[in-house]
Amino acid sequence: MSDDHIIIFDTTLRDGEQSPGASMTKAEKIRIARMLEMMKVDVIEAGFPIASPGDFDAVRAIADIVKDSTICGLSRALDPDIERCAEALKGANSGRIHTFIATSPIHMKNKLNMEPEKVLEQAVRAVTKARNYTDDVEFSCEDAGRSEFEFLCRIIEAAINAGATTINIPDTVGYQIPHVFGDIVGNLIREIPNSDKAVFSVHCHNDLGLAVGNSLAAVMQGARQVECTINGLGERAGNASLEEIVMALRTRKDVFNIESGIDARHIVPTSRIVSSITGFPVQPNKAIVGANAFAHESGIHQDGVLKHRETYEIMRAQDVGWADNSIVLGKHSGRNAFRSRLADLNINLKTEEELNAAFSRFKDLADRKHDIFDEDLQMLVLQTRAGNEEAKYKLMASHVCSETGETPMATVTLKADGKEVKAEASGSGPVDAVFSAIKKATGETPALQLYSVNAITSGTDAQGEVTVRLEQEGRLIHGHGAHTDIVIASAKSYIDALNKLVSKQQRAHPQHDGV
Ligand code: KIV
Ligand code: ZN
């Protein structure tokens with residue numbers, strides 16, 4: 001690995017999914033993994049195979065499908081974890097086992113109840129065992145940000161001697177400050193005698209809003225792998241955001257003198273899909289991927305940008321995948337135009353049936369909406385794929401009556417296991433009435449935890465994308481629906497979530513079910 005290449009290690013599907021409410025189905029994980037592969041992410045951490053059968057399955061499926069990125073699975077420093085991880089990675093072209101153990105006094109004493117010497121022994125055993133399955137073994141010192149420097153030096157040296165090829169320094173609780181963290185990583189690299197035998201990596205959490213700053217400070221001191229997530233998704237305040245790391249390294253190449261292999265044009269579409277799948281919205285002023293990241297409101301700024309773009313812009317919107325909102329398709333576009341536009345967007349529908357289903361949705365949308373934008377196509381394909389999964393409930397029709405001064409009423413007709421059911425209900429608003437009618441028709445009564453609507457494109461004929469989060473017996477499930485009529489989009493998203501609830505395809509908490 002040359003010294004001027006940085007390895008981008010994406011952990012959206014593992015650490016990102018770990019944030020409460022962000023769990024994903026296998027199909028959703030595969031969809032994101034494919035987008036990360038297209039983006040040329042070097043390493044995709046696909047999950048934690050021992051955590052649950054669902055996680056195992058998802059890692060195995062991604063290892064079988066994604067061939068251009070290294071696929072990584074997480075395991076504690078325990079034999080059963082490592083064996084399960086190796087099993088899940090069997091089909092990978094290039095598979096990595098990532099094993100970790102806590103190294104801070106507070107974690108070793110209170111969580112592991114182990115003496116440091118025992119922790120060191122266990123780490124060496126785990127790395128040695130993992131090397132029996134693959135030459136690509138990553139070792140992480142959990143809570144390194146609060147660990148003692150001398151102990152870190154000893155355990156890392158031992159892990160490298162045992163065969164670890166990547167050493168990861170996580171700031172697990174987001175406690176570090178850039179110049180301090182940079183020095184820790186730099187000093188580790190300088191003082192550990194065999195440090196040249198491994199790539200040093202960092203994994204920063206964002207509790208103080210410093211995850212990206214800390215990661216970049218470590219890069220300045222010799223780290224050559226950064227672990228990050230799309231949109232900064234992750235436990236608590238999240239992880240370092242991939243898009244910010246990649247664009248900071250690229251925009252300030254004069255400072256870092258380092259290159260990632262990332263194809264940044266896939267950043268915005270991937271950000272949207274991750275947000276849509278997890279139901280975690282992207283704040284409008286979020287760097288790179290926020291709706292306002294390239295918008296210039298003030299007259300002075302607009303004038304400056306029009307005269308010379310670089311007056312107020314340090315990056316080009318299209319370089320990170322913001323579409324120029326050109327109208328791509330409409331009512332009269334045919335199948336070939338549709339297929340070729342999907343190809344331009346790097347969306348490959350694998351089967352003729354998938355293409356047919358997507359095209360018929362497209363025609364249906366084009367009847368309601370004059371201009372079809374790239375964002376509409378992306379959502380349409382996402383919905384087609386989701387719709388292909390077996391569903392217990394299907395929305396057949398809905399009728400809503402909402403008048404000034406009257407109580408809103410809704411009637412819905414559903415297919416439940418192939419049988420038609422109909423129910424009517426009132427509500428405080430049309431959406432509330434539709435949700436109540438669906439509950440009545442299905443007999444399902446989950447608690448609604450989140451309801452959000454986003455316009456996919458601009459204009460009053462834009463499709464509304466609705467996300468709901470439902471909770472039942474400790475399980476959190478997201479549903480999505482898109483339509484030009486937001487009441488229908490709402491009904492679709494509610495039914496999507498119900499179908500996931502009844503199919504049990506999503507886990508309550510991906511990382512904690514089985515461990
Ligand atoms: O934050 C952390 O320490 C982790 C490790 C498992 C790498 O996610
Ligand atoms: Zn983490």
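Counting convention: from 1, in listed order, for ligands and their atoms alike. Not measured: the values here are computed from a predicted model.
- For ligand 1, the protein residues within 4.0 angstrom (heavy atoms only) are R14, D15, H98, F100, S140, E142, N168, P170, T172, H203, H205.
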Donor-acceptor list for residues 171-181 side chains, cut-off 3.5 Å, not counting sequence neighbours:
residue : atom : partner : partner atom : Å
D171    : OD1  : Y175    : N            : 3.2
D171    : OD2  : Y175    : N            : 3.1
D171    : OD2  : Q176    : N            : 2.9
T172    : OG1  : D143    : N            : 2.7
Q176    : NE2  : G145    : O            : 2.7

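- Contact check on K118 versus E121 returns a salt bridge, with a Lys/Arg side-chain nitrogen under 4.0 Å from an Asp/Glu carboxylate oxygen.
- Electrostatic pairing of E444 and K392 does not count as a salt bridge here, judged by no charged N lying under 4.0 Å from a carboxylate O.
- For the Zn ion (ligand 2), the neighbouring protein N/O/S atoms at less than 2.8 Å, given as residue and atom, are D15 OD2, H203 NE2, H205 NE2.
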List, one per line, each side-chain donor-acceptor pair under 3.5 Å for residues 199-213, sequence neighbours excluded.
residue : atom : partner : partner atom : Å
S201    : OG   : N168    : OD1          : 2.8
S201    : OG   : Q225    : NE2          : 3.0
S201    : OG   : E227    : OE2          : 3.4
H203    : ND1  : E227    : OE1          : 2.7
H203    : NE2  : D15     : OD2          : 2.8
H203    : NE2  : H205    : NE2          : 3.2
H205    : ND1  : G238    : O            : 3.4
H205    : NE2  : D15     : OD2          : 3.1
N206    : OD1  : L210    : N            : 3.1
N206    : OD1  : A211    : N            : 2.9
D207    : OD1  : R236    : NH2          : 3.0
D207    : OD2  : R236    : NE           : 2.6
D207    : OD2  : R236    : NH2          : 3.4

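- Between E87 and K90 there is a salt bridge, with a side-chain nitrogen of the basic residue lying less than 4.0 Å from a carboxylate oxygen of the acidic one.
- Atom CZ of R131 is surrounded by more than 12 heavy atoms from other residues, nucleotides or ligands within 6.0 Å.
- Electrostatic pairing of E37 and K67 does not count as a salt bridge here, judged by no charged N lying under 4.0 Å from a carboxylate O.
- Ion pair R60/D57 flagged as a salt bridge, since at least one NZ, NE, NH1 or NH2 atom sits closer than 4.0 Å to an Asp/Glu carboxylate oxygen.
- Just one residue in the list V246, V219, I262 forms a side-chain contact (heavy atoms from CB on, under 4.5 Å) with I6, and that residue is V219.
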